[in-house]
Amino acid sequence: MNGHFSAVGNTSAAGDNYQHGVQVIDEEKEFNQNLNSYLRATHVAESGFNYHLISVFGSQSTGKSTLLNNLFGTEFSVMSETERRQTTKGIWMSKNKRGESAGAKMADNILVMDVEGTDGRERGEDQDFERKSALFALATSEVLLVNIWEHQVGLYQGANMGLLKTVFEVNLQLFLKDKQSTPRSLLFFVIRDHLGTTPLSNLRTTLVQDLTKIWSTISKPRGLESARIEDYFDFAFAALPHKILQEERFRSEVHQLGARFATGHRAGKAGGHGDQELEGGIFLPEYHRRIPADGFSAYAEGIWDQIVNNKDLDLPTQQELLAQFRCDEIAREVLVAFDLVVAPLEEQQTEATRLGKILVLSALGATGSSAREKIFTAFEAQASRYHKGTYVRKRSELEAKVDARLKSLYQAQLAAAHKAGVAAFSEAVAHKVKAGQKAGGAYEFAEIVANEKKKTLEIYEAEAKELAMEGVAWTNFRAQYQLFETELAEVSAKLRKEEMRRLATRVERWVKSRLGDAVGIEFNNLGSGKGGSTAAPEGEKPPSEKDLWDRIWNVFTGIVKEAEERFADRAKSFDATDDEADVGMWRLRRKSWVGLREKIEEEVMEGNILLKLRENFEDKFRYDEAGVPRIWRPTDDIEGLYTKARESTLTLIPLLSRFRLSGTYAPPNLPGFVGPQPRGVEVGDEEDLSPIGGVDEDEGKSLEEEMTVLSESKRQDLVVRFKKTADGVYVEAKRSAIGGIAQ
Ligand code: GDP
Ligand code: MG
């Protein structure tokens with residue numbers, strides 16, 4: 001639809017210095033692609049709305065170009081005074097080269113369009129071009145200079161009147177569609193070769209009468225039948241003396257005239273048609289077509305395209321198309337600066353992702369928000385001059401594009417900050433714990449975690465705050481912060497669990513060492529037998545072999561109780577939950593039991609237990625009731641003593657075979673001691689937990705089996721071995737008795 005808008009190169013052809021201005025439309029009715037570069041070269045392009053457009057109309061060779069050149073210092077070609085040939089072809093444009101005229105400041109950036117003469121003398125009956133150029137001039141210009149000889153005034157049928165009729169018709173056609181703005185234009189009549197005999201005011205009256213007459217004859221579109229000429233046009237008049245005959249006066253009056261090309265405002269009520277109602281210059285704001293200068297070339301090209309192809313010229317539509325075209329162009333331009341800042345950051349992030357690195361860009365928020373603000377400001381500065389609705393739409397398109405990119409940058413940044421934060425947190429906690437352990441273990445785990453968590457959260461929060469922009473909803477990263485907080489809590493829980501494990505390991509080690517000592521003593525006592533060398537101190541009942549297991553169980557539960565208390569104390573200090581502490585103590589009881597079993601197994605290992613039994617036996621056999629060693633004599637009942645001692649020791653074997661309490665002759669309540677499995681824990685999942693018979697029911701091992709210290713076969717084997725050992729002792733005793741006699 002807007003195909004006729006094409007990007008215009010911003011460099012002019014080399015050597016083209018635009019001395020004569022620029023040809024906007026050539027004789028082939030082609031639009032010149034260099035118009036925009038001309039506007040740039042003359043710095044009009046950057047003037048926004050602060051420029052003015054004038055077109056000159058009039059019969060061929062009525063001194064139009066001469067007038068413009070004198071008024072504006074332009075260098076439009078003029079017909080040489082000797083050859084009478086048309087020189088101005090198509091439509092030319094030049095910028096006013098004068099800053100002031102007759103001491104008065106002229107308006108900034110006046111662009112003058114010199115339109116090919118239109119009386120058709122040299123172009124044949126080219127009514128078509130006349131109409132087209134009139135349309136073009138009206139669609140773009142604020143002021144139409146109508147150049148007319150004095151002697152043509154009042155000649156209603158004159159060539160100029162034909163032109164004016166065209167202008168009026170075209171005007172109605174043009175602004176029919178533009179209901180909301182109904183732009184006005186100034187028709188500025190410059191009466192040439194004014195003799196001075198008829199005052200300008202009379203000429204003016206005549207012209208106004210003629211114009212009104214012409215207006216009444218044109219066919220008006222439906223709905224505009226009663227439109228008045230002054231609804232569309234203001235009029236201004238000036239007269240100039242003969243240029244050749246009165247050169248001096250011509251010059252000075254042209255300068256006076258030039259002074260009127262300044263900005264002005266209406267002094268009286270709107271709708272009048274006298275120049276006496278204007279204050280200041282002739283450029284009233286209402287004449288301006290409101291096409292931003294940087295879009296003028298594209299707009300003019302679009303207009304001309306419609307005109308040349310005889311399409312209905314619909315200015316509002318053209319303005320919208322222009323707005324779309326220019327807003328897109330401006331967006332592309334401003335994106336260049338944005339890209340310069342943002343693209344390298346995007347690349348860094350992509351590269352980091354590719355390498356699996358965590359990259360937290362520094363000062364991303366400041367960079368991002370400044371780039372964002374700059375691009376919108378730059379876009380607004382240029383684009384906001386265009387059709388409002390289009391601008392607003394294009395701005396939100398640009399915002400969406402920019403914000404999508406920033407958003408993905410920011411989200412990746414926060415994801416990186418998240419990862420970096422979690423890693424830093426875990427590391428810092430581990431480091432502090434290690435340092436604490438090195439320093440003797442006097443560290444507060446909960447405190448370390450709380451401090452590091454606070455620090456880490458603050459860093460993340462600062463990052464999120466740095467990225468936040470006021471009034472930009474998507475930069476509210478509350479949700480991400482909460483996610484981070486949640487993950488830190490999870491990591492803390494994991495670290496605490498690890499710390500619990502470490503604590504458990506320490507406590508287990510302590511339990512093992514205590515059990516080792518205590519159980520070792522009990523088994524050593526076996527070796528001493530009743531009244532043995534390690535008998536209990538006086539006044540205390542000596543340890544009985546029968547309640548060996550009771551003592552071991554009591555010692556065991558006592559040690560574990562103490563360990564549990566230590567454990568619970570410590571666990572509390574690092575903010576473990578009750579559930580976590582329960583699990584820890586449950587594990588501790590289980591592992592302690594396993595430790596006890598191991599210790600017992602070690603004690604009843606073949607060599608060890610045999611030695612103990614031998615000691616026990618020897619103690620009974622070789623010492624008397626008072627603990628005095630026997631000196632065997634042949635008369636002694638060695639055999640009787642031997643049998644008694646042997647049988648007594650042999651009773652130990654079944655006793656040792658099973659962990660049984662003497663009172664109940666039943667295993668201790670191990671399941672009750674270990675307690676129920678806490679919620680959320682599976683023995684099978686805890687790799688370091690071995691199953692315990694009678695406690696872990698699914699294991700297919702009964703409590704009886706768990707409490708079996710010596711299997712049946714081991715027991716029998718032990719009996720046989722022990723008897724052999726005892727026999728050896730007996731034989732030795734016998735020998736020593738005989739030997740004693742022999743001495
Ligand atoms: P254009 O075709 O309307 O642009 O006219 P030009 O500016 O090329 O001038 C055409 C001829 O009219 C030239 O020979 C000029 O010297 C001459 N000319 C210029 N100004 C005046 C003037 O004020 N009075 C008269 N009589 N001739 C003029
Ligand atoms: Mg000319």
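Heavy atoms only: backbone and side chains are in, while hydrogens, waters and symmetry mates are out. For this chain, numbers begin at 1 and follow the sequence in order. Quick caveat, the model's predicted, so the values are computed rather than measured. Start at 1 and go down the list; that is how both ligands and their atoms are numbered.
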*asked:* Check whether K64 reaches the backbone of V146 with its side chain - one donor and one acceptor, N or O, closer than 3.5 Å.
replied: no
*For K401, enumerate each residue passing the salt bridge (Lys or Arg N to Asp or Glu O under 4.0 Å) test, keeping only those at least two apart in sequence or located in another chain.*
none
*For D193, the ligand 1 atoms whose distance to one of its heavy atoms is below 4.0 Å*: 22 (C), 23 (O), 24 (N), 25 (C), 26 (N)
_Between T66 and the Mg ion (ligand 2), is there a contact where an N/O/S atom of the residue lies under 2.8 Å from the metal?_
no
*Report, in ascending order of atom number, the atoms of ligand 1 lying under 4.0 Å from any heavy atom of R192.*
20 (N), 21 (C), 22 (C), 23 (O)
*asked:* Could you tell me, atom by atom, which parts of ligand 1 come under 4.0 Å of a heavy atom of Q60?
replied: 2 (O)
*Looking at ligand 1, does W149 have a heavy atom less than 4.0 Å from it?*
yes
*asked:* Between E380 and R395 (salt bridge meaning N to carboxylate O under 4.0 Å), is one present in this structure?
replied: no
*Report the C-alpha separation of F168 and F233 in whole Å, then their side-chain angles, then the decisive distance to 0.1 Å, and conclude whether the ring-ring contact (aromatic ring centres under 6.0 Å, His included) test is met.*
CA-CA 9 Å; F168 291 158; F233 293 102; 5.3 Å; yes
*How does V78 reach ligand 1, by side chain, by backbone, by both or by neither, if only non-hydrogen atoms under 4.0 Å count?*
both
_The criterion is salt bridge (Lys or Arg N to Asp or Glu O under 4.0 Å); which residues satisfy it with R249, sequence neighbours excluded?_
E253
_Can you name the atoms of ligand 1, numbered from 1 with element, that are less than 4.0 Å from a heavy atom of T62?_
1 (P), 3 (O), 5 (O)
*May I ask you to check whether S77 has an N/O atom sitting below 3.5 Å from an N/O atom of ligand 1?*
no
*Flag the pair F261 / H52 as yes when at least one side-chain heavy-atom distance between them is below 4.5 Å, and no otherwise.*
no
